[in-house]
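These notes are about the structure you will find just below.
Note: hydrogens, waters and symmetry copies are ignored here, and every other heavy atom, side chains too, is used. Just so you know, residue 1 is the first one in the sequence shown, and it goes up from there.
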Amino acid sequence: MNNGIMEQTMEQAESLNVFSEPLESCSTDPVTGFFRDGCCNTNTQDVGSHTVCVALTLEFLEYSRSRGNDLMTPVPQFGFPGLSEGQRWCLCASRWLEAHKAGKAPRVYLRRTHLRALDTVPMETLREYAIDLS
């Protein structure tokens with residue numbers, strides 16, 4: 001792979017939320033995001049599209065574990081503290097949509113959710129779960 005291609009694939013997509021405004025931080029405690037920068041930023045290497053900022057619920061965490069992704073158990077060797085109800089986290093858009101269809105989706109922070117989430121989840125569906133709309 002030449003340097004031009006490598007740079008292009010590692011570059012972040014523009015840091016915008018679903019309103020095409022600057023993306024707000026999702027969480028720095030614990031640090032979330034594909035880049036572990038606290039934001040739901042993404043790029044072409046982020047095949048899971050970790051773009052939906054949510055308020056975690058126990059119901060969703062248990063659902064995720066039942067689907068093979070245990071987010072509650074700490075994994076110290078990877079610096080992963082384990083997550084708990086009430087924390088914010090950048091979820092994969094497809095997992096959030098799957099949880100929505102199963103009636104287990106957590107609430108969403110739209111101003112903290114990346115514009116690319118709309119590639120997977122319709123805006124009207126996200127709006128149904130919005131925490132930060134006035």
Side-chain angles (χ1 to χ4, degrees):
M1 195 180 275
N2 72 38
N3 284 345
I5 293 173
M6 174 67 87
E7 288 171 14
Q8 183 180 19
T9 59
M10 292 308 291
E11 187 177 310
Q12 285 185 19
E14 191 172 2
S15 195
L16 297 174
N17 66 25
V18 296
F19 303 114
S20 295
E21 300 167 346
L23 184 65
E24 295 179 12
S25 175
C26 183
S27 175
T28 56
D29 185 21
V31 178
T32 190
F34 179 74
F35 295 100
R36 291 299 188 259
D37 61 358
C39 292
C40 298
N41 284 307
T42 190
N43 74 1
T44 57
Q45 300 299 301
D46 179 14
V47 294
S49 186
H50 296 76
T51 53
V52 181
C53 182
V54 303
L56 293 169
T57 61
L58 185 56
E59 181 180 43
F60 171 78
L61 290 166
E62 289 172 348
Y63 172 77
S64 186
R65 181 170 43 196
S66 78
R67 302 296 297 146
N69 187 19
D70 181 0
L71 298 171
M72 293 184 284
T73 303
V75 186
Q77 63 268 34
F78 293 112
F80 182 71
L83 302 174
S84 58
E85 183 172 33
Q87 292 179 309
R88 290 191 305 255
W89 194 250
C90 294
L91 289 184
C92 293
S94 59
R95 177 53 50 99
W96 185 91
L97 186 59
E98 176 186 300
H100 160 69
K101 290 176 180 176
K104 310 282 185 186
R107 304 278 313 269
V108 175
Y109 292 92
L110 294 178
R111 289 179 174 81
R112 302 167 191 262
T113 293
H114 197 281
L115 180 63
R116 297 290 299 275
L118 299 179
D119 293 347
T120 304
V121 184
M123 181 64 165
E124 52 273 9
T125 304
L126 288 173
R127 278 184 181 275
E128 292 175 31
Y129 291 82
I131 293 173
D132 56 352
L133 286 183
S134 47

Assess whether side-chain contact (heavy atoms from CB on, under 4.5 Å) is satisfied between Thr51 and Val121, documenting all intermediate values.
CA-CA 10 Å; Thr51 53; Val121 184; over 6 Å; no

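Closest approach of Asn17 and Pro22 over heavy atoms only: ND2-O, 3.6 Å. Nearest heavy-atom pair, Pro106 versus Ala55, reported as atom, atom and distance to 0.1 Å: CB-O, 3.2 Å. Ala13 and Arg116 get closest at one heavy-atom pair: CB-NH1, 4.0 Å. Of all heavy-atom pairs between Trp89 and Val31, the closest is CZ3-O, 3.5 Å. Heavy atoms only, all atoms of each residue included: Asp132 and Val108 are closest at OD1-O, 4.0 Å. In terms of heavy atoms, Gly82 sits closest to Gln87 at O-OE1, 4.1 Å.
When hydrophobic clusters are built by joining Ile, Leu, Val, Met, Phe, Trp and Tyr residues whose side-chain heavy atoms come closer than 4.5 Å, directly or via intermediates, Ile131 is not grouped with Met123. Leu133 and Tyr109 fall into different hydrophobic clusters, where Ile, Leu, Val, Met, Phe, Trp and Tyr are joined by side-chain heavy atoms under 4.5 Å apart, directly or via other members. Using a 4.5 Å cut-off between side-chain heavy atoms of Ile, Leu, Val, Met, Phe, Trp and Tyr, with links allowed through other members, Phe78 and Val47 fall into different hydrophobic clusters.
Side-chain contact between Glu14 and Leu23 is absent, with no heavy atoms from C-beta onward closer than 4.5 Å. Residues Phe60 and Arg107 form no side-chain contact, since every pair of their non-hydrogen atoms from C-beta on lies 4.5 Å or further apart. With contacts defined as side-chain heavy-atom distances shorter than 4.5 Å, the pair Cys40/Val52 does not qualify. Using a 4.5 Å heavy-atom threshold, the side chains of Arg127 and Leu110 count as touching.
Between Cys26 and Cys39, a gap of 2.5 Å or greater is found separating the two SG atoms.
To the nearest 0.5 angstrom, Thr42 atom OG1 is 9.0 Å from Asp119 atom CG. Taken from CG in Asp46 to CZ in Phe35, the straight-line distance is 7.0 Å, to the nearest 0.5 Å. To the nearest 0.5 Å, the span separating NZ on Lys104 from CH2 on Trp96 amounts to 14.5 Å. The structure places OG1 of Thr73 at 10.0 Å from CG of Leu83, a figure rounded to the nearest 0.5 Å. The structure places CG of Leu91 at 6.0 Å from CG of Leu56, a figure rounded to the nearest 0.5 Å. Atom CD of Gln12 is separated from atom OG1 of Thr44 by 11.5 Å, given to the nearest 0.5 angstrom.
Atom CD of Glu128 has more than 12 neighbouring heavy atoms from other residues, nucleotides or ligands inside a 6.0 Å radius.
Note on residues 53-69: pairs passing side-chain hydrogen bond (donor to acceptor under 3.5 Å, both in side chains), not counting sequence neighbours, are Tyr63-Glu98, Arg67-Glu98. For residues 22-31, there are no side-chain hydrogen bond (donor to acceptor under 3.5 Å, both in side chains) pairs, not counting sequence neighbours.
In this structure, the side chain of Arg88 does not engage the main chain of Val54 through any donor-acceptor pair within 3.5 Å. Judged by distance alone, with hydrogens and angles left aside, the side-chain atoms of Ser94 form no donor-acceptor pair with the main-chain N or O of Cys92 at under 3.5 Å.
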